[in-house]
Structure formats: C-alpha cells, structure tokens
**Q** 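Take a look at the following structure, please.
Since this is a predicted model, take the numbers as computed values, not measurements. Every chain is numbered from 1, with letters handed out A, B, ... down the list of sequences.
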There are 2 protein chains.
Amino acid sequence: MTITEVSKKFGLSPDTLRYYERIGLIPRVHRNESGIRDYTEEDCRWIEFIKCMRDAGVQIEALIEYVALFQQGDATVEARKQILIEQREQLIARIEEMQKALERLNYKIEQYETKVVPAQNKLKR
Amino acid sequence: MTITEVSKKFGLSPDTLRYYERIGLIPRVHRNESGIRDYTEEDCRWIEFIKCMRDAGVQIEALIEYVALFQQGDATVEARKQILIEQREQLIARIEEMQKALERLNYKIEQYETKVVPAQNKLKR
DNA sequence: ATAAGGCATAGAGTTAACTCCAAGTCAACT
DNA sequence: AGTTGACTTGGAGTTAACTCTATGCCTTAT
C-alpha cells in the first residue's frame, strides 16, 4: 500500500504517517527499490493500534518506548507489559474524570430543560 | 480567598487562574480595594466547574463562549444549552474511543499474562 | 524526452494551553 | 524607614503534536 492509501484508510495525513515513523512511534515502514514507502499488512496493524491509542489520548512518549522495546525482542516482554498496565491505569482514570464531567453536563442540561435557571445564574449580578 | 488559596484548593497554578480569567474562561474575579483578587464563593464555583470540564478535555473555546453567553443574561439560555449539548456529544464520543482503547489494552495485557506472545510479535522478524 | 504528479527528506512553522519573566505596587514586619 | 514577600500586569517562552515548506528524485502520460 502507498502512503496515500494508508493515509485515507486510517484518516491520518501522509505528513503524520511520516512523522510517526520518524519519531519511532511506529516501526520503520517497508520501502520499495526506489525508497518509497510500501506499507505491509503488519505496518498497517501497527498504525491502526497506534491510532487507536492516540485517539484515546495515550501519550506518544509511552508508545514510542513500547515500540522500541518491541523491536528489541522477547527479553522486553515484561517491560512492555508494564507500560501497557501503566497506560491502562491512566486511561481508566481519564475515563472516570470524563464520566464525572458527563454527569455534570447531564445535570446542567436537565436544569435548562426544566426551565430552572441554575443557581449560579441566579446569584450572578 | 486569595489566589494562592484558590490555587491550592483546585490544584491550578496562580498563573493558570490568571490566564483563565484573562481569556474569559472564568468571569472576572472580585478584587479588593488595592486591586488584588479576592475570590468569592461564586468565583470558586466557576473555577471548579471549569476545572471539571477541562480535566475531561472539553475545549477551552466552547467554555469561553459559554461563559460569555452566561454574562449576557437570560436571553442566551437556549444558546448556552446548545453548547452544553454539543459538548456532551463530543464527550460521549471521546469516552467511547477510550473504552475501545481500554478493551484493546486489556486484551493485550491478558496476552502477556498468559505468556502468549501477541500475533504481531510472531510476525515481526 | 519532457512535463506532471507522487513521493522523499530536513527543517521551519503552527496551535493550544499553559508557564515563566520583568518590572512594579502594596501591606506588613524589623 | 526599609526590606520582605505576595500580589499585579503585559508579554515572552515552552511543550506536545502535528503541519507545512523547500528542494529534489522517480515514474508515467504526452
């Protein structure tokens, strides 16, 4: 697959794909004879995984480390697992924050719906 | 309350509190005779609300607009409600993205725990 | 064979959201 | 009275994560 195809497939710009590769957020992509990127199935799986994590707000730093460890082989299995566990904890914490905000928004919207002007509004001069 | 007290109470730096006020993310804070911020209960409620929203990733732009409308009074009730609804939708979408990533992390960690080396790893040269 | 279009790289520029800095004011101790 | 320390402002600097630009190389249609 060409970079343009991959770009469309995953909704990431070619610039972003090149950038991800440059900083080691995805392993080095396969090239053809003239040095042009020719993404394999595996390259695509990496991109999809990374996109999923990035969309969820997982920090690039942690992912770069994960990819680097991955490329160092089986000796790093435990370290990789720890990174995933750490990121999972952070993700859970963020989801909880968001649930709190969501409940708050639900409550506020409900107030507006029942035409009850919120307390803050009343106090406001 | 002084800015330092509010800073500690909400875990936002004084710089951030001043910044939020400057850009209209919170309404202008009450001052004493010598121009020094003296946060009222209401100021604090705003800060707490904004912090909750920001922690959940709600965009500053939307919040600034909300605050601005708020200060324009009751005529803007409907517009404010629409902003909240829009932000709620975005929040729900983001939570869903994060749930997906979480499931994926759970799966991957489980793989590591059962000593099954992930498929990607096997394919990797 | 030449012009166009896609891709390459290195490095500069952008954006959001802070965070820091310099210079100055003011109340409260010593 | 002078020093200290928290506060003020306007504006510059930082960081993360892209995004764009300049320059140049291939391949392909004319």
Side-chain angles (χ1 to χ4, degrees), chain A residues 1-40 43-44 46-47 49-68 87 90-91 94 97-98 101, chain B residues 1-26 28-40 43 46-47 49-68 87 90-91 94 97-98 101:
Chain A
M1 275 183 118
T2 70
I3 195 167
T4 312
E5 286 163 353
V6 174
S7 166
K8 271 163 196 157
K9 180 162 180 181
F10 295 108
L12 292 169
S13 78
D15 268 316
T16 301
L17 288 169
R18 281 187 285 257
Y19 165 70
Y20 278 2
E21 187 178 346
R22 189 160 27 146
I23 64 172
L25 184 51
I26 50 174
R28 193 158 171 77
V29 167
H30 177 251
R31 312 297 179 102
N32 68 18
E33 327 73 43
S34 36
I36 289 177
R37 288 173 181 81
D38 182 14
Y39 292 78
T40 63
D43 292 331
C44 288
W46 268 109
I47 289 163
F49 171 65
I50 292 298
K51 178 168 166 47
C52 175
M53 294 299 123
R54 288 296 302 130
D55 285 349
V58 174
Q59 293 303 293
I60 278 187
E61 264 316 306
L63 296 170
I64 288 175
E65 205 189 332
Y66 180 78
V67 171
Q87 293 310 310
Q90 291 187 21
L91 193 51
R94 281 202 306 278
E97 294 285 282
M98 293 172 83
Chain B
M1 274 185 119
T2 70
I3 196 165
T4 313
E5 286 162 353
V6 174
S7 166
K8 271 165 196 154
K9 180 163 179 180
F10 295 108
L12 292 169
S13 78
D15 268 315
T16 300
L17 288 169
R18 282 189 284 259
Y19 165 71
Y20 278 2
E21 188 178 345
R22 190 162 24 148
I23 65 172
L25 185 49
I26 52 174
R28 192 158 171 78
V29 167
H30 177 250
R31 312 296 180 105
N32 68 16
E33 328 74 42
S34 36
I36 288 177
R37 289 175 182 79
D38 182 15
Y39 292 78
T40 64
D43 292 330
W46 268 109
I47 290 162
F49 171 65
I50 293 297
K51 178 169 164 48
C52 176
M53 293 300 123
R54 288 295 302 131
D55 284 350
V58 174
Q59 292 304 291
I60 278 187
E61 263 316 306
L63 295 170
I64 287 175
E65 205 189 331
Y66 180 78
V67 171
Q87 293 310 309
Q90 290 187 21
L91 193 52
R94 282 204 304 281
E97 293 285 282
M98 293 172 84

**Q** Taking side chain to side chain donor-acceptor pair (under 3.5 Å) as the test, write out the residues that go with B/Ser13, two or more places apart.
**A**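 Scan of B/Ser13 (side chain to side chain donor-acceptor pair (under 3.5 Å), adjacent residues dropped) gives B/Thr16.
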**Q** Could you check whether B/Ile23 gets within reach of a base, just the sugar-phosphate, or nothing at all, counting any heavy atom under 4.0 Å?
**A**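 Nothing, no heavy atom under 4.0 Å.
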**Q** List the residues meeting side-chain contact (heavy atoms from CB on, under 4.5 Å) with A/Cys44, not counting sequence neighbours, and say none if there are none.
**A**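 Per chain and number, A/Cys44 pairs via side-chain contact (heavy atoms from CB on, under 4.5 Å) with A/Met1, A/Val6, A/Phe10, A/Tyr39.
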**Q** Taking side chain to side chain donor-acceptor pair (under 3.5 Å) as the test, write out the residues that go with B/Ser7, two or more places apart.
**A**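 So B/Ser7 forms no side chain to side chain donor-acceptor pair (under 3.5 Å) with any residue.
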**Q** With side chains defined as the heavy atoms from C-beta onward, is the minimum distance between A/Tyr20 and A/Trp46 less than 4.5 Å?
**A**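 In short, these two side chains do not touch, never coming nearer than 4.5 Å.
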**Q** Going by heavy atoms closer than 4.0 Å, what residues in residues 10-22 of chain B are next to DNA chain D?
**A**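 When residues 10-22 of chain B is checked for heavy atoms under 4.0 Å from DNA chain D, the hits, listed by number, are B/Arg18, B/Arg22.
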**Q** A/Glu97: what forms a salt bridge (Lys or Arg N to Asp or Glu O under 4.0 Å) with it, not counting sequence neighbours?
**A**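 Here the qualifying residues are A/Lys100.
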**Q** With sequence neighbours left out, which residue pairs that include part of residues 49-61 of chain A fulfil the side-chain hydrogen bond (donor to acceptor under 3.5 Å, both in side chains) condition?
**A**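 Non-adjacent pairs meeting side-chain hydrogen bond (donor to acceptor under 3.5 Å, both in side chains): A/Lys51-A/Asp55.
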**Q** With sequence neighbours left out, what residues match B/Gln90 under side chain to side chain donor-acceptor pair (under 3.5 Å)?
**A**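 Testing B/Gln90 for side chain to side chain donor-acceptor pair (under 3.5 Å), a comparison that skips the adjacent residues, returns B/Glu86.
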**Q** Can you sort out which residues in residues 31-40 of chain B have a heavy atom within less than 4.0 Å of DNA chain D? Ascending by number, please.
**A**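 Residues of residues 31-40 of chain B that come under 4.0 Å of DNA chain D are, in numerical order, B/Arg31, B/Gly35, B/Ile36, B/Arg37.
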**Q** Listed by chain and number, what are the side-chain contact (heavy atoms from CB on, under 4.5 Å) partners of A/Ala56, not counting sequence neighbours?
**A**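 Applying side-chain contact (heavy atoms from CB on, under 4.5 Å) to A/Ala56 gives A/Leu91, B/Met98, B/Ala101.
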**Q** Between which nucleotides of DNA chain D, read 5' to 3', does contact with chain B run, using atoms under 4.0 Å from its heavy atoms?
**A**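 Taking any atom under 4.0 Å from a heavy atom of chain B, the span is D/dA6 to D/dG11.
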**Q** Using a 4.0 Å heavy-atom cut-off across all strands, classify A/Glu61 as base, sugar-phosphate, or nothing.
**A**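 If one applies the 4.0 Å heavy-atom cut-off, A/Glu61 turns out to touch nothing in the nucleic acid.
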**Q** List for me each residue that meets side chain to side chain donor-acceptor pair (under 3.5 Å) alongside B/Glu21, sequence neighbours excluded, and say none if there are none.
**A**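 Expected list: B/Arg31, B/Arg37.
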**Q** Between P on C/dA27 and CD1 on B/Ile3, what's the gap in Å once rounded to a whole number?
**A**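 So the CD1-P distance, B/Ile3 to C/dA27, works out to 18 Å.
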**Q** List the residues meeting salt bridge (Lys or Arg N to Asp or Glu O under 4.0 Å) with A/Arg18, not counting sequence neighbours, and say none if there are none.
**A**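 For A/Arg18 the salt bridge (Lys or Arg N to Asp or Glu O under 4.0 Å) partners, ignoring immediate neighbours, are A/Asp15.
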